[in-house]
Amino acid sequence: MRKKFALALTGVAAIFALSACGGSDAPAADASAQPLDPANPVVLKVGASPVPQAQILTYIDENLAKDAGIDLDVVEIDDYVTPNTSLADKSLDANYFQTEKYLATEVAEKGYKFAHGAGIHVEPMTVFSKKFDKAADVTDGATVVLNNDPVNQLRGMRVLESAGLLAGLEDTDSVLTVQDDKAKNPKGLELKDVNAEQVPQYYTKDNSIDLAVINGNFIVQAKLNKDEILAQESGENNPNANFLTWREGEETPAIAKLEELLHSDEVRTYIKDTWTDGSVIPAF
């Protein structure tokens, strides 16, 4: 089994590091198109968010991959930029961290030629508050921090809408169109946005933050108190499932096998048994 390692690149630093050194210092393995052989497994380098994606991949690597003829080299990545840039420059064979809407935005902006598999899991977007016990208690002008990427920002605002804190978001695309609109923001909430990985930090360290809308994977990483949940996205028929992504035209037998294992009964059971708090739920 190959030794796993982690990358902790964020924001501009991630982009700079990649442009300076061409991505990882070790090129991605050449996933053979030959039939898979457990005696000579094909190495796949897969970039993933630490929680839960890398954990799910590690479970597969330790329990299912060997007999399937693959060996996963799991690269943990903390930001939402590096996985796709590294896949595009072939530093990775695949990645596992994103939703269909996020990928569509990335493809439109950056011209990536990617393909992806079916949904594996959902990390429900969740509203946390230390100051209010329920949505009805939220006072006018309360400060809310959300993700700054367009897809997850709108997704977070829709959770606030479902809790009765925002309204009429059908034609909304960002906090900029909501902040000063009394019809959409009847309580005059002060909406602030930061990088997704920074939202839990603001919530735990900045006393001026009244509510925070946080991605499920960062909830687990930050070990947030589940008693502080004010509202949560439903997992039923959720279009925001995460999936495996690879370069278009390069779905090798090894990638196809990993896609199959990610949708196995064993992985479904692992997800349910590991995240009993509902912060991660199967999407298949």
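Note that the structure is a prediction, hence the values are computed from the model and not measured.
To the nearest 0.5 Å, atoms CG (Leu224) and CD1 (Ile214) are separated by 5.0 Å. To the nearest 0.5 Å, the span separating CD on Glu248 from NE2 on His116 amounts to 11.0 Å. With rounding to the nearest 0.5 Å, the separation of CZ in Phe128 from CD1 in Ile209 is 15.0 Å. The line from NZ of Lys192 to OH of Tyr202 is 8.5 Å long, rounded to the nearest 0.5 Å. With rounding to the nearest 0.5 angstrom, the CG atom of Asp193 is 4.5 Å from the CD atom of Gln153. With rounding to the nearest 0.5 Å, the separation of CD in Glu259 from OH in Tyr96 is 10.0 Å.
A side-chain donor-acceptor contact under 3.5 Å links Ser129 to the backbone of Asp210. In terms of modelled atom types and a separation under 3.5 Å, the side chain of Asp61 and the main chain of Leu72 share a donor-acceptor contact. Counting only distance, with no hydrogens or angles, the side chain of Asn185 and the backbone of Gln179 share a donor-acceptor pair below 3.5 Å. Using modelled atom types, no side-chain atom of Ser264 and backbone atom of Glu260 make a donor-acceptor pair closer than 3.5 Å. Between the side chain of Glu161 and the backbone N or O of Gly168 there is at least one donor-acceptor pair closer than 3.5 Å. Of the possible donor and acceptor atoms, one in the side chain of Thr126 sits under 3.5 Å from a partner among the backbone N and O of Pro124. Under a 3.5 Å cut-off, the side chain of Lys187 and the backbone N or O of Val138 do form a donor-acceptor pair. Using modelled atom types, one side-chain atom of His263 and one backbone atom of Gly119 make a donor-acceptor pair closer than 3.5 Å. Checking side-chain atoms of Asn195 against main-chain N and O of Glu197 turns up no donor-acceptor pair under 3.5 Å. No side-chain donor-acceptor contact under 3.5 Å links Asp93 to the backbone of Val46.
Side-chain polar atoms of Gln98 and Thr245 form a donor-acceptor pair below 3.5 angstrom. Under the 3.5 Å distance criterion, with hydrogens and angles disregarded, a donor-acceptor pair is assigned to the side chains of Asn242 and Gln53.
With sequence neighbours left out, Pro50 forms a side chain to side chain contact (heavy atoms under 4.5 Å, CB included) with Glu76, Asp78, Gln221.
When the shell of 6.0 Å around CG of Asp137 is examined, it contains more than 12 heavy atoms from other residues, nucleotides or ligands. Around the OH atom of Tyr112, the shell of radius 6.0 Å holds more than 12 heavy atoms that belong to other residues, nucleotides or ligands. In Lys226, the NZ atom is crowded: over 12 heavy atoms of neighbouring residues, nucleotides or ligands sit closer than 6.0 Å. Other residues, nucleotides and ligands contribute only 12 or fewer heavy atoms inside 6.0 Å of the CG atom of Asn207. Other residues, nucleotides and ligands contribute over 12 non-hydrogen atoms within 6.0 Å of the NZ atom of Lys131.
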* Going through the checks in order, is the side-chain contact (heavy atoms from CB on, under 4.5 Å) test met by Thr105 and Glu109? -> CA-CA 6 Å; Thr105 299; Glu109 291 180 354; 3.6 Å; yes
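One finds a salt bridge joining Lys184 and Asp171 here, because a Lys/Arg side-chain nitrogen approaches an Asp/Glu carboxylate oxygen to under 4.0 Å.
Inter-residue side-chain proximity for Tyr270 and Asn63 is flagged as unmet; no heavy-atom pair is nearer than 4.5 Å.
The two residues Leu261 and Ala68 have their closest heavy-atom pair at CD1-CB, 4.0 Å. In plain terms, the two heavy atoms of Gly156 and Leu146 that are nearest each other are C-CD2, 4.1 Å.
Between Tyr80 and Phe218, the two ring planes are tilted [angle within 30° to 60°].
For the pairing with Thr269, the side-chain contact (heavy atoms from CB on, under 4.5 Å) check across Asp273, Ile271, Val267 returns one residue only, Asp273.
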